[in-house]
Amino acid sequence: MDRFYVTTPIYYVNAKPHLGHAYTTIVADSMRRFQRLLGKDTYFLTGTDEHGDKIVQAAEKAGVSPKDFVDGVSGQFRDLWPHLGVEYDQFIRTTDPEHKKVVQAFLQRVYDSGDIYFGEYGGHYCYGCERFYTEKELENGLCPQHQVKPEYIAEKNYFFRMSKYQGWLKQHILDNPDFIRPERYRNEVLSMLDSGALEDLCISRPKSRLTWGIELPFDTDYVCYVWFDALLNYVSALGWPDGDRFANYWPGVQHLVAKDILKPHAVFWPTMLKAAGLEPYNNLNVHGYWLVRDTKMSKSLGNVVSPLEMIDRYGLNAFRYFLLREMHFGSDASFSEEALVGRLNADLANDLGNLYSRVLSMTAKYFGGVVPAPGAYTEEDETLRALAAEAQRNFCNLFGRVRFSNALESLWELVRALNKYVDSAAPWTLFKQGDTKRLGTVMYTLLESMRKVAVHLLPVMPEAATSMLAQLGLEVNVDAVDLGNEAETWGGLQPGTTVAGASNLFPRVELVREKDEPAEVASSKGKSADGAGTAKNAKPAAVAPAPAASPAEDAGVIDFEDFQKVDIRMGTVVAVERHPNADKLLRVEVDLGEEKPRQIVAGLAAYFSPEQLQGRQVAVVANLAPRKLRGLESQGMILAVRQGEGMELVSVSGPVSPGSKVS
RNA sequence: GGCGGCGUAGCUCAGCUGGUCAGAGCGGGGAUCUCAUAAGUCCCAGGUCGGAGGUUCGAGUCCUCCCGCCGCCA
């Protein structure tokens, strides 16, 4: 029996689960459901990564022990997944005793083979990044990620001789075109491997600096540092080096990661496996980010999408469908409730839900809700069946190659064709004519095709697809489904089966909006007063929002509400320096009363010296999308007035507290 | 700075090895069936395929340069 093993990354527990976690995990869940329907023996692993400096710091901040802290956050992840329809086989934690043992065994094996050595390391250590930087990597003496001054630390550490396997890895990637997919990331990795010798990987931290980690088996003064701990979860979960699970599921594994951890998975991990004498994984599947209003989600922007909230508003099925349909695997995609609602209404309600509704209703009316036996198939029927078979083949082929969006697109070609078939076959006419024979064939063709659609949707929308099949009088038996053969077979639905008399699988919804959220739909006339709440999916009594553009907009005049979208706040300049890479720009830190000051890159260098700005109160557009200017991210804009050749800052008549809103 | 990717209809994107490649879905406009969830079906988009050159009988599709985004590396 073919086997299929899929993993998500183990999620670092310094933050709560967000949309990105949800996407990766739902994809993994769908892949595993898909492969199971193909008849494979599947295993699905997810979990949490719980060691390291940042955890210790976060725990201190929360006033609890690291162990209590990670227990708490890890629990949040584990509790989330059932709400997303995710059924994993194992939830691993890097603090599990079994995992620790495997890490130590693996380290010992690589150590014994001579690929781990003790060496001196001096470097600039950034606690935020949990890593060292070389002089060259620092920007202006600061960590390029966090813009803080790292600490110089010289110490002895253990290193993994990664460079030794560089040539092997490159050849392996060249020999296996799908090893890293999509191709863009494969290219990226190849260019990493071509851009010079890999540096050996530092894999330890002295206990004097970090104790929250796994002790090295060959030196009790050290703990293991991140990758030899975290990545090992993929094999420790299987009980390596012993046991049936490892023998069964390795190396037939599909890793699933977001692009931010490409290098560890594409370079470190295969070379680590090679050094320990293990086979490399089958495929590394790399996806992009979900963007909100063209920007990465971040807490400071307040645009973090909560998976549970979306499910609460629009339902699990729509959410899962949207994630898989909207993102082209590998590329970044935009998340918006408008788009979600659009997919839900257009694809699920109008096309699919309505298909079920109309066909089941006709079956009830014409055949008392019992599946009729088909008679002779006409050319039109055969054409539809050929199209259906093609759509199913394409779906499976694409889905297996992680092209979920295209796969669903293929399936919807069938859904649309079925709606078209209803119109052209016009069962209501056949009924009036009393042509029961032909009517039976048409209805059977529809019902059987709808069954096929439902079966293919089981991996994506398990709940909805199960309901669909139930409406067709069928129970889902995962082991009995042979998805790979559905395209080649016909007649899975037995005549005589009693089906539902009505169906309302995906009610149309209106966009639900938060009270303070900017209006983003066509309606420019005020927001609905009821604001937040649940989706109004019952038959909307009110008419859909009127689209007409307000006359004010046409005249270049804006509504008060439009003005309100601009969040202008007063802030205090707490730090200023010249931009390292641009002579017209200043890097300014402005205190807006938030957790930490905003970094703003301003084109003021020609008019003000850093000293002149220091301590001043300035007006800042606080909700401008962040943007990189010459390598530094600017998180807002300082308002100023151009006067001839000069420039004057907008100021207030008296001191105000940082973060005060201008209105 | 080096390498890579992207820039195609309002939006999201297909277009592999050059010759029905100027497309799909959504949105918008029009028509129409009536079984159905104000759903379905049909018709309509006159987009210089980022810009400029070049190769070719022929180029979104190959080459060069430029512009704008993005990523990786340094």
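The chains referred to below are lettered A, B, ... by the order of the sequence lines, with proteins before strands, and numbering in each begins at 1.
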To the nearest angstrom, the CZ-P distance between Arg416(A) and G25(B) comes to 6 Å
Given pairs defined as Watson-Crick or G-U wobble with both distances under 3.5 Å, what dot-bracket annotation applies to RNA chain B, with ( ) intrastrand, [ ] crossing, | other strand and . unpaired?
-> (((((((..((((.....[...)))).(((((.......))))).....(((((..]....)))))))))))).
Could I get the full list of salt bridge (Lys or Arg N to Asp or Glu O under 4.0 Å) partners for Lys164(A), not counting sequence neighbours?
-> Asp115(A)
Sub-4.5 Å side-chain heavy-atom contact between Leu493(A) and Tyr444(A) | yes
Compute the ring centroids of Phe160(A) and Phe268(A), then answer whether they are less than 6.0 Å apart.
-> no
Could you measure between the two P atoms, the one in A45(B) and the one in G18(B), and give it in whole Å?
-> 31 Å
Could you tell me whether Ser357(A) contacts a base, only the sugar-phosphate backbone, or nothing, with contacts defined as non-hydrogen atoms closer than 4.0 Å?
-> base
Take atom C1' in C49(B) and the same atom in U61(B), then report the distance between them in whole Å.
-> 10 Å
For C44(B) versus G27(B), give the span between their C1' atoms, rounded off to a whole number of Å.
-> 14 Å
Is there a side-chain polar atom (N or O) of Lys365(A) under 4.0 Å from OP1 or OP2 of A36(B)?
-> yes
Integer-rounded Å distance: G25(B) C1' and Asn394(A) CG | 16 Å
Do the side-chain N or O atoms of Lys420(A) get closer than 4.0 angstrom to the phosphate oxygens (OP1, OP2) of C42(B)?
-> yes
Sugar-phosphate, base or nothing in reach of Gly353(A), heavy atoms under 4.0 Å | base
First of Val415(A) and Glu326(A) reached from the 5' end of RNA chain B, by closest nucleotide = Glu326(A)
Indicate, with a heavy-atom threshold strictly under 4.0 Å, whether Asp351(A) touches base, sugar-phosphate, or nothing.
-> sugar-phosphate
Quick one: OG on Ser467(A) to CG on Leu505(A), what's the gap to the nearest 0.5 Å?
-> 6.5 Å
For RNA chain B, whose closest nucleotide is more 5', that of Lys259(A) or that of Arg358(A)?
-> Arg358(A)
Interatomic distance at C1', G15(B) relative to A9(B), whole Å | 14 Å
Considering just the side-chain nitrogens and oxygens of Asn350(A), establish if one lies under 4.0 Å of OP1 or OP2 belonging to G40(B).
-> yes
Residues that Lys274(A) engages under salt bridge (Lys or Arg N to Asp or Glu O under 4.0 Å), provided they are two or more places apart = none
Whole angstrom is fine here: how far is it from CG in Asp347(A) over to P in G40(B)?
-> 11 Å
Would you please name every residue forming a side-chain contact (heavy atoms from CB on, under 4.5 Å) with Phe431(A), sequence neighbours left out?
-> Tyr366(A), Leu439(A)
Distance check: side-chain N/O of Arg508(A) vs OP1/OP2 of A39(B), anything under 4.0 Å?
-> yes
For Arg181(A), which residues count as a side-chain contact (heavy atoms from CB on, under 4.5 Å) partner, sequence neighbours excluded?
-> Asp178(A), Gln254(A), Asn283(A), Asn285(A), Val402(A)
For G25(B) versus A14(B), give the span between their C1' atoms, rounded off to a whole number of Å.
-> 10 Å
In chain order, what residues pass the side-chain contact (heavy atoms from CB on, under 4.5 Å) check against Thr466(A), with sequence neighbours excluded?
-> Leu458(A), Val476(A)
Hey, which of Phe335(A), Tyr314(A), Phe404(A) is the one that makes ring-ring contact (aromatic ring centres under 6.0 Å, His included) with Phe322(A)?
-> Phe335(A)
Would you mind reading off the distance between Leu348(A) atom CG and A39(B) atom P, rounded to a whole angstrom?
-> 15 Å
Select base, sugar-phosphate, or nothing to describe what Phe506(A) touches, counting heavy atoms under 4.0 Å on all strands.
-> base
Pick the P atom in U64(B) and in G71(B), then give their distance to the nearest Å.
-> 25 Å
Does G60(B) fall in syn (glycosidic angle within 90° of 0) or anti?
-> syn
Taken to the nearest whole Å, CD/Glu188(A) to C1'/C73(B) is 9 Å
Between G53(B) and G58(B), how far is it from one P atom to the other, in whole Å?
-> 16 Å
Measure the distance from CE on Met362(A) to C1' on A39(B) and round it to the nearest whole Å.
-> 12 Å
Go through G5(B), U41(B), U37(B) for me and flag the one nearest to the Asn419(A) side chain.
-> U41(B)
Nearest-angstrom distance from the residue atom CG of Asn187(A) to P of C6(B) = 10 Å
Base G40(B) paired with Asn354(A) side chain (donor-acceptor, <3.5 Å) = no
Which whole number of Å gives the distance between the C1' atom of U48(B) and that of C72(B)?
-> 33 Å
Return the value, rounded to whole Å, for the distance between atom CD of Glu409(A) and atom C1' of G25(B).
-> 7 Å
Is Leu360(A) touching bases, backbone alone, or none of the nucleic acid, heavy atoms closer than 4.0 Å?
-> nothing
